[in-house]
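Notes follow the structure.
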Amino acid sequence: MGIIAWILIGLLAGAIAKMLLPGKDPGGIIITMLIGVVGGLLGGWLGKVIFGVDSIDGFFDLSTWIAAIVGSLILLLLYRVISGNKRTHRHA
């Protein structure tokens, strides 16, 4: 798959992750898109390392989409934990 296909999958995976984990994020649409793109790559890597499968076979393969969405969910949760901790420790 080409880089443009990965960007498209990542953008859509980020949007799906946001729908699955609704709530107020301190980022916005740009951060959600970046989380989706990086999460797609993370999901593909984790699928290969943990399960030994090539989860990035093609654009229309279900394993590609599952890996991208799971990776995006993981990154979105991590982002919320990290950014939530920064907000609670601010002093005026």
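It should be emphasised that the depicted structure is a prediction, and the values quoted were computed from it without experimental measurement. Every heavy atom of this structure was used, including side-chain atoms; hydrogens, water molecules and symmetry mates were not. For reference, positions follow the sequence shown, starting with 1.
Leu75 contributes atom CG, which lies 9.0 Å from atom CG of Leu77 (distance to the nearest 0.5 angstrom). Rounding to the nearest 0.5 Å gives a distance of 4.5 Å between CH2 of Trp65 and CG of Leu12. The line from CD1 of Ile31 to CG of Leu76 is 11.0 Å long, rounded to the nearest 0.5 Å.
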Got a list of side-chain donor-acceptor pairs under 3.5 Å for residues 33-44, not counting sequence neighbours?
none

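For the pair Leu20/Ile69, a side-chain contact is recorded, criterion being any heavy-atom separation below 4.5 Å from C-beta on.
For Ile66, the side chain to side chain contact (heavy atoms under 4.5 Å, CB included) test picks out Leu62, Val70, with sequence neighbours left out.
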